[in-house]
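Residues: numbered from 1 along the sequence shown.
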Amino acid sequence: MKKRYILIDSVYINSGGGKEILNHIIKYILDRHDINKYFFLLDERFELKNKQIDFLQIHANEKNRKNFYLSNKNNFNSIVCMSNVPPPINIENAPVSVYFHNDLLLNPIKSNVGVLTILKNLLKKQYIKSKNKKKYSWIVQTKLMKTKLEKFLNIKNEKIKILPIIEFQDYKTPIKKKNKFVFVSNFSNHKNHFKLFQAFKDACKEKSYDIELNLTIDKNIYIKSFYYTGKKPKNLKIINHGIISTSQVREIYNSSEFLIFPSLNESLGMPLIEAIFNGCKVLAPNLNYVGQVIIPSLTFDPYSVSSISESIQYAVENNIKNSEIIIENKIDTFVKHINNHV
């Protein structure tokens, strides 16, 4: 491999918010910078849309990642690890930045996930701590994540920068369907789907109006879930779109009146931002991560079915205020940061 300036290590990124961030970085660099300065190490599951970049895709595990670093450790002037985990070997001759965006790894015991996932996350957390070096710098998306990273991984405050990466786009004028809700998420436990389902059932009881809830859950998981098998009122319509493209998600936002987002843990919560850009009013939990990125139209207690249900009814029966985005996109500062050492 010829000498490169910057390695962007994105192994383990293949879906969700991490994928959105990585795609945005690739697009930004292609549009504004010398792409020949960068080399991307990618997860083999990552769907690469633009082959103009110089890249290698590998099977995502630490053995393969370590082999890459051992073979190329002298080929880069700067290293950026985009998927939470520092380099698998000690890097002496180049500055290292780690972009951390997984809240579940910081305090897995309180993240409302299964026992097996808790154990896996505890091991990952310890591995990350073991690979961190005092000279490495870290990047997060919110002040809350910076506080958590400092506490749970014992990283010094001055070593952590807050640089959220968000793609703000101009969308077409939305055409809203009355009483249409959307919740963009997978089916992980911390997404709080069961309480959401119960809340929508309760919200529809003895009501004359119809309510529609749109989901984006893997279709094989959905047909085995309570959403599909459980009893629900006739005036509650649940539509699952499966795992769909970004453009298809935006179409659903565009036609939905409300985003409801009962998730218990998020490092950022990108759907909160995307939904507002598409003209949705947001119903969100009264948890700290929400206030880092938006001002919602309504809040609720995510641990209470009745609180979620009451917020649904109130949104349908009243003209609630619009939601506001308060976070700023810092991708320009992020790219400047990773270029400072070149």
Side-chain angles (χ1 to χ4, degrees), residues 112 171-185 187 190-217 222 225-241 248-264 266 269-327:
N112 197 40
Y171 302 116
K172 63 184 181 182
T173 303
I175 301 173
K176 300 298 183 183
K177 180 179 178 181
K178 188 173 176 58
N179 299 349
K180 180 176 179 178
F181 290 77
V182 60
F183 179 30
V184 175
S185 81
F187 201 62
H190 71 282
K191 298 295 184 178
N192 210 15
H193 277 284
F194 184 70
K195 282 188 171 60
L196 184 70
F197 177 56
Q198 296 294 330
F200 267 95
K201 289 199 302 180
D202 290 352
C204 289
K205 284 180 182 177
E206 300 177 3
K207 296 295 181 180
S208 58
Y209 46 71
D210 295 330
I211 293 179
E212 180 178 311
L213 172 62
N214 289 259
L215 304 168
T216 58
I217 300 169
Y222 176 77
S225 74
F226 41 77
Y227 284 119
Y228 186 81
T229 60
K231 292 182 178 180
K232 50 187 176 290
K234 291 182 179 180
N235 58 333
L236 173 60
K237 183 179 182 181
I238 299 178
I239 300 173
N240 180 52
H241 300 269
Q248 289 172 308
V249 171
R250 286 169 181 159
E251 287 297 322
I252 298 171
Y253 284 138
N254 204 52
S255 62
S256 297
E257 191 174 2
F258 308 104
L259 170 77
I260 188 162
F261 202 76
S263 179
L264 301 175
E266 296 290 332
M270 186 61 75
L272 297 170
I273 299 164
E274 293 172 338
I276 295 174
F277 257 91
N278 284 275
C280 296
K281 296 177 179 179
V282 175
L283 284 64
N286 52 5
L287 297 176
N288 289 336
Y289 77 81
V290 175
Q292 300 281 304
V293 294
I294 70 162
I295 300 173
S297 300
L298 287 177
T299 60
F300 53 78
D301 178 358
Y303 299 96
S304 166
V305 170
S306 63
S307 179
I308 303 171
S309 177
E310 287 166 8
S311 72
I312 295 167
Q313 289 177 335
Y314 190 88
V316 168
E317 296 170 5
N318 297 273
N319 182 24
I320 61 175
K321 66 180 182 180
N322 292 328
S323 304
E324 299 177 39
I325 298 169
I326 57 176
I327 198 169

Applying side chain to side chain contact (heavy atoms under 4.5 Å, CB included), can you list everything that pairs with A203, at least two apart in sequence or on another chain? S309, I312, Q313

Hey, could you give me each pair passing salt bridge (Lys or Arg N to Asp or Glu O under 4.0 Å) that has a residue in residues 225-238? Not counting sequence neighbours. none

Distance (rounded to the nearest 0.5 Å) between N192 CG and L264 CG: 4.0 Å

Please enumerate all residues that pass side-chain hydrogen bond (donor to acceptor under 3.5 Å, both in side chains) together with K176, with sequence neighbours excluded. none

Ring pair (Phe, Tyr, Trp, His ring centres under 6.0 Å) involving H241 - partner list, sequence neighbours excluded: none

Donor-acceptor contacts under 3.5 Å from residues 280-296 side chains, at least two apart:
| residue | atom | partner | partner atom | Å |
| --- | --- | --- | --- | --- |
| K281 | NZ | N319 | OD1 | 3.2 |
| K281 | NZ | I320 | O | 2.7 |
| Y289 | OH | S263 | O | 2.7 |
| Q292 | OE1 | K143 | N | 3.1 |
| Q292 | OE1 | L144 | N | 3.0 |

The side chain to side chain contact (heavy atoms under 4.5 Å, CB included) partners of S307 (sequence neighbours excluded) come to F300, D301, S304

Restricting to side-chain hydrogen bond (donor to acceptor under 3.5 Å, both in side chains), what partner residues turn up for T216, sequence neighbours left out? none

What residues form a ring pair (Phe, Tyr, Trp, His ring centres under 6.0 Å) with Y253, not counting sequence neighbours? none

Listed partners of F181 passing ring pair (Phe, Tyr, Trp, His ring centres under 6.0 Å), at least two apart: F200, F258

For F187, the ring pair (Phe, Tyr, Trp, His ring centres under 6.0 Å) test, sequence neighbours excluded, returns H193, F226

S225: partners by side-chain hydrogen bond (donor to acceptor under 3.5 Å, both in side chains), with sequence neighbours left out: none

Which residues pass the side-chain hydrogen bond (donor to acceptor under 3.5 Å, both in side chains) test with K195, sequence neighbours left out? none

